[in-house]
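Numbering starts at 1 and runs along the sequence shown. All values below come from the heavy atoms of this structure, side chains included, with hydrogens, waters and symmetry mates left out.
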Amino acid sequence: MTMDEELKKLQDWLESASLYELPSYKELPTVPLYMEQVVGYINKTLAPLSPHDSEILTSYMVNNYVKAKIIKEPERKKYNEVHLGYLLAICSLKNSLPMSELAI
């Protein structure tokens with residue numbers, strides 16, 4: 001890829017990221033989700049903020065957040081809208097704040 005193509009790709013990403021808005025709490029799924037569904041939902045929702053098309057969240061990360069008590073344990077292996085809200089916030093802020101600041 002040429003430098004001009006890379007620059008164009010970066011400009012396009014910056015434009016889409018500047019227009020991006022996180023979903024409101026009322027817009028989060030109200031049906032409890034299993035881990036795979038949670039990871040897919042978070043990655044899809046936050047994809048516009050990732051310039052490299054990389055995974056933003058993995059099941060391993062979610063499990064570590066639960067173990068570290070950054071988020072509460074799932075109820076019967078299902079995650080609700082509160083979990084999703086916390087995970088969206090954590091994934092959005094983890095590059096800016098230490099995990100100790102995000103713990104509940």
| request: For residues N80 and V31, determine if any side-chain heavy atom of one lies less than 4.5 Å from a side-chain heavy atom of the other. | output: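 Side-chain contact under 4.5 Å: no.
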
| task | For the residue pair I70 and Y86, establish whether any side-chain heavy-atom pair is separated by less than 4.5 Å. | result |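 No. Closest side-chain heavy atoms not under 4.5 Å.
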
| CA sep, side-chain torsions, deciding dist, call: L57, Y41, side-chain contact (heavy atoms from CB on, under 4.5 Å) | CA-CA 10 Å; L57 184 69; Y41 175 79; over 6 Å; no

Approximate separation, where rounding is to 0.5 Å, of [X] [atom1] and [Y] [atom2]:
{"X": "S92", "Y": "L46", "atom1": "OG", "atom2": "CG", "answer": "5.0 Å"}
{"X": "L88", "Y": "L22", "atom1": "CG", "atom2": "CG", "answer": "6.0 Å"}
{"X": "Q37", "Y": "K44", "atom1": "CD", "atom2": "NZ", "answer": "12.5 Å"}
{"X": "N64", "Y": "K67", "atom1": "CG", "atom2": "NZ", "answer": "6.0 Å"}
{"X": "Y65", "Y": "L87", "atom1": "OH", "atom2": "CG", "answer": "8.0 Å"}
{"X": "L14", "Y": "S16", "atom1": "CG", "atom2": "OG", "answer": "8.0 Å"}

| Do other residues, nucleotides or ligands put more than 12 heavy atoms under 6.0 Å from Y34 OH? |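 No, not enclosed.
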
| said: Run I71 and V62 through side-chain contact (heavy atoms from CB on, under 4.5 Å) and show every step you take. | reply: CA-CA 8 Å; I71 64 170; V62 175; 4.2 Å; yes

For [X] against [Y], the heavy-atom pair lying closest together:
{"X": "V39", "Y": "T58", "answer": "CG2-C, 3.8 Å"}
{"X": "T45", "Y": "Y20", "answer": "O-OH, 2.6 Å"}
{"X": "E81", "Y": "L28", "answer": "O-CD1, 3.5 Å"}

For [Y], does its backbone N or O pair with a side-chain atom of [X] as donor and acceptor, under 3.5 Å?
{"X": "H83", "Y": "E73", "result": "yes"}
{"X": "S50", "Y": "A47", "result": "no"}
{"X": "N43", "Y": "E55", "result": "no"}
{"X": "E15", "Y": "D12", "result": "no"}

